Trainee: 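One structure follows; several queries about it will come next.
Scope of the values below: all heavy atoms of this structure, side chains included, with no hydrogens, waters or symmetry mates. Protein chains get the first letters and strands the later ones, always in sequence-line order, with residue 1 at the start of each. Because the structure is a prediction, the values reported are computed rather than measured.
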Amino acid sequence: MTDQTVSFNLEKTYNHHEVEDRWRSAHWEALGSFHAESSQVLNNGKAPYTVLMPPPNVTGSLTLGHVLNHTLQDIFIRYNRMTGHEALWLPGTDHAGIATQTVVEKKLKKEGITRHDLGRKEFLDHVWQWRDEYGGLILKQLRRLGISCDWRRNLFTMDDRASKAVINAFITLYRDGLIYRGTRIINWCPVSQTALSDEEVIMKTRKDQLVYVQYALVNHPGRYITIATVRPETILADVAIAVNPRDPRYHDLVGELAVVPVAGRHIPVIADDYVDIDFGTGALKITPAHDANDYEVAKRHNLQAISVVGKDGKMTDTFGYGGMDRFDARKKILKDLEELGNLVRVEEYEHNVGYSERADVVVEPYLSEQWFVKMAPLAERALEVVNDGDIRFHPPHWINTYRHWMENIRDWCISRQLWWGHRIPAWYDTEGKVWVAATYEEACHLAGTDKLLQDDDVLDTWFSSWLWPLTTLGWTDQHTDNDDLNAFYPTNTLVTGPDIIFFWVARMIMAGLYFKGEVPFRDVYFTSIIRDMKGFKLSKSLGNSPDPIKVMDTYGTDALRFTIIYIAPLGQDVLFGEEKCELGRNFATKIWNASRLVFMQREKYFGNHEEFAAVYQNFDPRSGGFDLAGQWLLAGFYDMLNRYHAAFSQFKVHDIVRILYDFFWGDYCAWYLEALKVQLSGDVTRDEAQKAVCLAVYVLEGILKTLHPVMPFITDEIWHQILQRPSEESIALSPMPYSDPEYSDIDVSGFTLIQKLVAEVRSLRSLFGVPHNSEAEILLWPGNNADGLVFEANLPLIAALGQCIPKVMADGERPRHAAGSVVEGNELFVLLEGLISFDKERARLQKEINNISSYVAAVQKKLANKGFADNAHPDVIAKEREKLREAEDNLSKLNSNLTVLND
RNA sequence: GGACGAUUAGCUCAGUUGGUUAGAGCGCUACAUUGACACUGUAGAGGUCAGAAGUUCGAAUCUUCUAUCGUCCA
């Protein structure tokens, strides 16, 4: 073998390490292959296609969830890039307020330092340092996946541009009266020591004790009123006991005073509709500082709130509980109540309790002054655009969830008592008056004084995320007018998990409409949730979360990408096990090996690359002159392309990989390449052979292109070897193939008949135990002339695929000593003299005859049914008649076989 | 408590508006090793479509109820 021929072919075994390293995004990136330019849209009339990467947390590392999510986005982007769009994928990372601050605080804690030791400025320096050092990990890992972002545009939510947008958005909403400051019961995380939004609270079912406590009545010695509570430690903060005004049990007690146990305070018994008559005793303790509903009740009755639980989740210094953890205090007060004789009884009680999303501790309802966004005015249009289909959800059933949230929306608490984040642009003068402005100087100007103190709090991380479609395109305020925004907004497809539909999707829609007057995206694709093989959610603490980098090392990145899409149906949970990646790896190997075969044939019929290039570049599949298998392949290829593009337009990504897998493995490899071998080993001219090879390469190239969005590495590698393409080129920038409408009604029934015939021959061979290395003699008795001609013309094909010696029968004499069968009205006989057991064939035939007979009976009954004849669609009836005719034909032929056998 | 989704072969899943003798992959069984590929090929076994009732000439598919699981919201 010369060097020339070696380079003409692929290595014997596929090495994903080598191939993926070669095309790794560094190469694609170095060439700027994935850069998108607004001028292409604005000046050259190219259609834009924009995808917004959900910015991963800087603290994050790659999970399978990311793999699925980003592979999907990459598939959409690569597909649209290849279908002629100016495809822009906007990457970035999220500063993740609580998560990042926690990570850095933990690190400092190991050195014995708290953030308060450092002070705000120095602590933030530490965070930035940490971010520069470790924050890039997730992006590095994402690059390993081969995703095709425009990395020049990488944005961090704390970058100047993004920060400017956040501040301006705040000021705008404040001036429009949609941001306000107020004292409310909010969700407080005692670990992170910050307020949380309702969405950051996870409800979990847990068992607690429902404690029944009796309160003495001041004016009725010896009489008590009994309440039930799961939070006895907050008894110390009770300001009233409430009953339902329609509850006859307590009519006479309304207006009386009761004594708070332990605390000794006198509180009124009040009547309020809020109280559920059927719950507990029907009497409810009112603790406005520690329960949102109680707070509302207290407001209605002009009662002051008393607080007994502090920011750290410990009791404040009251009645000897000061400094105790709230859960310890709960145990202690239970004992104290028992000693005082106020404890009536204790029941087991299952209920839902809010936990902090980040710290996973029970959230404390906490009365404090916070900043809020009025959501109702924003929700109105956001709901409309989804209802009207301006934004489409895939799958659509998520609209219900979205609608329900929008219709019951509550104001958004956006202030966080953290240091890491966008500081709230509000200043207070010495009188406590608030001045909202972009800078201290502006605030001074507004206030008319320079004695101003800035609000200590920062904004919820999602307050920057909701502007993401705008900020990534350079938006900083409502007057921004730039080319990127004009070319690429609104973006097209958002791929995200349904778990952040409220956090992010809904709020982006609101922000887009409010600040830009236009929806931020058109389609939202909600991904599946990945679980392990037992159905458990993947989590680090369970240890069931495979490291995607390791999976890529073992099976290959293409294999992981392919597999995860193959097993992830739209909007359903996915059970993932690492070993499932064998599917993708095997597929990649198959592509490699099939390409090797094709290239070997190419080498055989073309002297060198130049000769092949000259012929191939002028190859026109319309020129015709293909054999039966070639025509069938081309028709199948075009049909595949139609289904492929349709699946994309319907967001059925899951179908896409199945369409490709089935066509490539099931049609191209299993049938076409086998037929090609037969054709080329036969009596062909060099011209015919070259034509056949060109067709094989042509369809292979089409498969590589259609597969490229899913498996970018191996497809680029092989694509380069089709025509010695320079490495600066990429399949990623080549045009996607479409079907040829001229080919839509080519008759390929000849080849499908041969397929069925071959399958039947193989089945009979196997059934009668014909050894694989021996060829069986086959007699074919055509049911009609046309089929007979097909058989005559394709005897070598039938011989090779069925491993047999086929002959077309000259007369209509049924052979003896044969196993017979019927294929589309044609009979075939496998001559098995010496091999066949007559009893076996008789039994087989009888079984088959019984099968068909009962089927015939069923169809006859159906056709005879008057209801069916009257109601069924004529097409359906015709179809049934045809099925019956075929079955009856089969039946009579098999019966004849049986008769011959019995002679 | 409410809303949504799921339940089809041992496992994981397809199955477009009701009309197939219900499909695929993995796994299993048997056979095949010099010709692209054992990360393979060929053949085979395996299902009362969760259960019940209903609509219909006809239901995996539509309706109702029940059961189990999951998600979201109270």
Trainee: For residues A:L894 and A:E848, report the shortest heavy-atom separation together with the two atoms involved.
Mentor: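 Heavy-atom minimum between the residues: CD1-CG, 3.6 Å.
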
Trainee: Specify the separation, in whole Å, of atom CD1 of A:I399 and atom P of B:rC73.
Mentor: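 To the nearest whole Å, that distance equals 18 Å.
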
Trainee: Can you say whether the rings of A:Y668 and A:F664 are parallel (under 30°), tilted (30 to 60°) or perpendicular (over 60°)?
Mentor: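 Answer is parallel, since the angle falls under 30°.
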
Trainee: Which nucleotide sits closest to the side chain of A:Y855: B:rU20, B:rC4, B:rA36?
Mentor: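 Minimum distance to the A:Y855 side chain belongs to B:rU20.
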
Trainee: Would you check if the side chain of A:H654 reaches a backbone N or O of A:I565 as a donor-acceptor pair within less than 3.5 Å?
Mentor: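 Looks like no, no N/O pair under 3.5 Å.
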
Trainee: Collect all protein-nucleotide pairs involving nucleotides 27-33 of chain B in which both atoms are nitrogen or oxygen and the distance is under 3.5 Å.
Mentor:
unit_1: B:rC31; atom_1: O2'; unit_2: A:H772; atom_2: ND1; d: 3.1

Trainee: Could you tell me which residues satisfy ring pair (Phe, Tyr, Trp, His ring centres under 6.0 Å) with A:F393, sequence neighbours excluded, listed by chain and number?
Mentor: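 Only A:Y402, A:F526 meet the ring pair (Phe, Tyr, Trp, His ring centres under 6.0 Å) criterion with A:F393.
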
Trainee: Listing time: all N or O pairs from protein to nucleotides 53-59 of chain B that are below 3.5 Å?
Mentor:
unit_1: B:rC57; atom_1: O2'; unit_2: A:N865; atom_2: ND2; d: 2.9

Trainee: Of the candidate nucleotides B:rA36, B:rU42, B:rC4, which contains the atom at the shortest distance from the side chain of A:A670?
Mentor: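 For the A:A670 side chain, the nearest candidate turns out to be B:rU42.
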
Trainee: Contacts to RNA chain B from residues 877-894 of chain A, heavy-atom cutoff under 4.0 Å, which residues?
Mentor: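 Listed by number, they are A:K883.
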
Trainee: Residues two or more places apart in sequence or in another chain: which of them pass salt bridge (Lys or Arg N to Asp or Glu O under 4.0 Å) with A:R765?
Mentor: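 Here no residue qualifies.
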
Trainee: Any chance you could lay out the salt bridge (charged side-chain N to carboxylate O under 4.0 Å, His left out) test for A:K879 and A:E882, step after step, and finish with the verdict?
Mentor: CA-CA 5 Å; A:K879 231 164 98 187; A:E882 178 59 20; over 6 Å; no

Trainee: Counting side-chain heavy atoms from CB outward, which of B:rU40, B:rA43, B:rC37 is closest to A:W665?
Mentor: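 For A:W665, the side-chain atoms sit closest to B:rU40.
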
Trainee: State which of B:rU71, B:rG25, B:rC4 makes the closest approach to the side chain of A:N400.
Mentor: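 Among the listed nucleotides, the one closest to the side chain of A:N400 is B:rC4.
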
Trainee: Does the side chain of A:D208 pick up a donor-acceptor pair with the side chain of A:H351 at under 3.5 Å?
Mentor: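 Result is yes, a qualifying pair exists.
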
Trainee: Given Watson-Crick or G-U pairs with both distances under 3.5 Å, what dot-bracket string fits RNA chain B, with | for other-strand pairs and [ ] for crossing?
Mentor: (((((((..((((.....[...)))).(((((.......))))).....(((((..]....)))))))))))).

Trainee: Judged by each residue's nearest nucleotide on RNA chain B, which is more toward the 5′ side, A:R585 or A:S763?
Mentor: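 Going by which nucleotide is closer to the 5' end, it is A:R585.
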
Trainee: If you check every side-chain atom of A:N586, which of B:rA36, B:rU40, B:rG25 has the closest atom?
Mentor: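 Given the options B:rA36, B:rU40, B:rG25, the side chain of A:N586 is closest to B:rU40.
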
Trainee: Tell me the salt bridge (charged side-chain N to carboxylate O under 4.0 Å, His left out) pairs involving residues 856-875 of chain A, sequence neighbours left out?
Mentor: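 Those involving residues 856-875 of chain A are A:K862-A:E880, A:K866-A:D870.
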
Trainee: Consider only side-chain N and O atoms of A:Q846 and A:N850, and report whether a donor and an acceptor are under 3.5 Å apart.
Mentor: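 Note: A:Q846 and A:N850 side chains meet the donor-acceptor criterion.
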
Trainee: Considering residues at least two apart in sequence or located in another chain, which fulfil the salt bridge (Lys or Arg N to Asp or Glu O under 4.0 Å) criterion with A:R643?
Mentor: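 Salt bridge (Lys or Arg N to Asp or Glu O under 4.0 Å) check on A:R643 returns A:D639.
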
Trainee: For the side chain of A:M600, counting heavy atoms from C-beta on, which of B:rA36, B:rG44, B:rC39 is nearest?
Mentor: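 In terms of side-chain proximity for A:M600, the closest of B:rA36, B:rG44, B:rC39 is B:rA36.
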
Trainee: A:T589 side chain: which of B:rC37, B:rU42, B:rC39 is closest?
Mentor: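 Ranking B:rC37, B:rU42, B:rC39 by closest atom to the A:T589 side chain puts B:rC39 first.
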
Trainee: Side chain of A:Y661 only, heavy atoms from C-beta on: which candidate in B:rG25, B:rG19, B:rA36 is closest?
Mentor: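 Between B:rG25, B:rG19, B:rA36, the one nearest the side chain of A:Y661 would be B:rG25.
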
Trainee: Name all residues meeting the ring pair (Phe, Tyr, Trp, His ring centres under 6.0 Å) criterion together with A:F502; count only those two or more places apart in sequence or in a different chain, and write none if there are none.
Mentor: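 A:F502 satisfies ring pair (Phe, Tyr, Trp, His ring centres under 6.0 Å) with A:W405 only.
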
Trainee: How would you label the contact of A:R410 with the nucleic acid (heavy atoms, under 4.0 Å): base, sugar-phosphate, or nothing?
Mentor: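 Sugar-phosphate, backbone atoms only, no base.
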
Trainee: A:H654 side chain: which of B:rA36, B:rC13, B:rU12 is closest?
Mentor: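 Nearest nucleotide to the side chain: B:rC13.
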
Trainee: Which residues satisfy the salt bridge (Lys or Arg N to Asp or Glu O under 4.0 Å) test with A:E18, sequence neighbours excluded?
Mentor: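 A:E18 satisfies salt bridge (Lys or Arg N to Asp or Glu O under 4.0 Å) with A:R22 only.
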
Trainee: Mind checking A:R762 for me? I need base, sugar-phosphate or nothing, with any heavy atom below 4.0 Å counting as a touch.
Mentor: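 The residue A:R762 makes sugar-phosphate contact but no base contact.
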
Trainee: For A:Y555, give me all partners under ring pair (Phe, Tyr, Trp, His ring centres under 6.0 Å), at least two apart in sequence or on another chain.
Mentor: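 With neighbours one apart ignored, the set is empty.
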
Trainee: Excluding sequence neighbours, so at least two apart, what forms ring pair (Phe, Tyr, Trp, His ring centres under 6.0 Å) with A:H404?
Mentor: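 Listed in chain order: nothing, the list is empty.
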
Trainee: Expressed as a whole number of Å, how far does the C1' atom of B:rA52 sit from that of B:rA59?
Mentor: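 B:rA52 and B:rA59 have their C1' atoms separated by 15 Å.
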
